[in-house]
S.K.: 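First, the structure itself, so that you have it in front of you.
Being a predicted model, the structure only gives us computed values, none of them experimental. Numbers here are sequence positions counted from 1.
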Amino acid sequence: MDVVQSTYREITIAEKSFKKIPSVLLGSLVEEPKKRHTVPNHLLESKIYSELHRSKVVQAEPAVLHYGGYDVGKHHQQMLKLINISGDVINLHIIPPQTKYFQIKYNKTHRLVPGLSYAVTVDFCPDEWRYYYDCIRIHCQGEDTLVIPVHAYPAVNVVEFPSFINLSDVSVGK
């Protein structure tokens, strides 16, 4: 009768034969990933965005977004409406703000029919007390462009004026 060696023994022998390979050798075999440069935005670099409030085909409401009296570390939101004021169905490109403090969210599932609008939520989250500025750029067909400035500043946002001010009679020069 022949003796058969168990497979368990073969596995343990095989495990013992592997040696830990130094990380220096592995580092020389694996290429480090190259740092990728940001992809250039053709619409941002080749167009001039100068129209405020409305262009030939799109109107922004409000024309300028202001975040006054913000709290550091908290999210603040405002709604922006982009209304098609032309007589044609349009497709527009919304270029988001370039800083990390302003983010936009919108749902663009179709082309914009005349008279209808896109609702864009603009989210602002500051990390310190200072003035913030950015803008949202809208590119329409051809050369039609629109810019919506976004400002945030640390100021008192509550304005309370008394309804009645009593200035008593005084002599001239007193």
Side-chain angles (χ1 to χ4, degrees), residues 23-24 26-27 30-86 89-167:
S23 62
V24 175
L26 288 177
V30 178
E31 182 179 355
E32 289 294 322
K34 295 178 182 176
K35 292 184 180 179
R36 295 183 180 182
H37 300 289
T38 57
V39 178
N41 189 338
H42 173 69
L43 292 176
L44 189 60
E45 294 176 357
S46 64
K47 304 292 179 187
I48 297 173
Y49 297 87
S50 61
E51 295 291 324
L52 291 173
H53 182 61
R54 70 186 308 170
S55 67
K56 295 175 187 171
V57 295
V58 177
Q59 177 177 341
E61 287 183 7
V64 179
L65 291 172
H66 292 278
Y67 292 91
Y70 59 79
D71 294 325
V72 175
K74 291 187 179 179
H75 289 272
H76 305 276
Q77 287 186 349
Q78 286 191 23
M79 294 298 294
L80 171 69
K81 285 176 61 176
L82 300 173
I83 304 166
N84 181 357
I85 58 172
S86 72
V89 177
I90 62 168
N91 189 18
L92 45 98
H93 304 263
I94 303 171
I95 301 171
Q98 303 298 305
T99 61
K100 67 178 182 178
Y101 306 107
F102 298 100
Q103 302 291 323
I104 63 170
K105 297 175 192 140
Y106 60 93
N107 188 9
K108 186 175 142 182
T109 57
H110 51 79
R111 297 188 309 164
L112 198 55
V113 178
L116 294 184
S117 65
Y118 286 136
V120 179
T121 304
V122 183
D123 189 33
F124 170 61
C125 185
D127 60 356
E128 62 182 341
W129 287 99
R130 67 177 185 91
Y131 171 74
Y132 295 90
Y133 171 77
D134 208 336
C135 57
I136 300 169
R137 296 169 183 91
I138 310 298
H139 175 259
C140 302
Q141 300 152 338
E143 297 296 318
D144 197 33
T145 60
L146 179 68
V147 64
I148 299 122
V150 183
H151 302 275
Y153 38 87
V156 178
N157 203 19
V158 179
V159 179
E160 293 182 15
F161 292 106
S163 59
F164 178 74
I165 300 174
N166 184 9
L167 301 173

S.K.: Side chain of E61, backbone of Q59: donor and acceptor closer than 3.5 Å?
M.R.: no

S.K.: Do Y153 and Y67 have their ring centres less than 6.0 Å from each other?
M.R.: no

S.K.: Using every non-hydrogen atom in the two residues, find where P149 and A63 come nearest and quote the distance to one decimal.
M.R.: CD-O, 3.7 Å

S.K.: What I want to check is whether the side chains of Y132 and D127 have a donor and an acceptor closer together than 3.5 Å.
M.R.: yes

S.K.: Compute both the distance and the angle, then confirm whether R130 meets the cation-pi test with Y70: under 6.0 Å from the six-membered ring centre, within 45 degrees of the axis.
M.R.: no

S.K.: With the side chain counted from C-beta on, respond yes when T145 and C140 share a heavy-atom pair under 4.5 Å apart, and no when they do not.
M.R.: no

S.K.: Can you find a heavy atom in the side chain of I85 that is under 4.5 Å from one in the side chain of V58?
M.R.: no

S.K.: More than 12 heavy atoms of other residues, nucleotides or ligands under 6.0 Å from NZ of K56: yes or no?
M.R.: no

S.K.: Checking D134 side chain against T99 main chain: does a donor-acceptor pair fall under 3.5 Å?
M.R.: yes

S.K.: Any side-chain heavy atom of M79 within less than 4.5 Å of one from T121?
M.R.: yes

S.K.: For the pair H76 (side chain) and D71 (backbone), establish whether a donor and an acceptor sit closer than 3.5 Å, ignoring hydrogens and angles.
M.R.: yes

S.K.: Taking all non-hydrogen atoms of both residues into account, name the closest pair between I148 and P62 and its distance.
M.R.: CG2-O, 4.3 Å

S.K.: About how many Å separate NE2 of H151 and CG of L65, when rounded to the nearest 0.5 Å?
M.R.: 9.0 Å

S.K.: Before giving the answer on side-chain contact (heavy atoms from CB on, under 4.5 Å), spell out for I138 and L82 the whole-Å C-alpha distance, their side-chain angles and the decisive distance to 0.1 Å.
M.R.: CA-CA 9 Å; I138 310 298; L82 300 173; 3.6 Å; yes

S.K.: Is K108 reaching over with its side chain to a backbone N or O of L92, donor-acceptor style, under 3.5 angstrom?
M.R.: yes

S.K.: Counting N and O atoms only, with roles assigned by atom type, does the side chain of N84 sit under 3.5 Å from a partner on the main chain of L112, one being a donor and the other an acceptor?
M.R.: yes

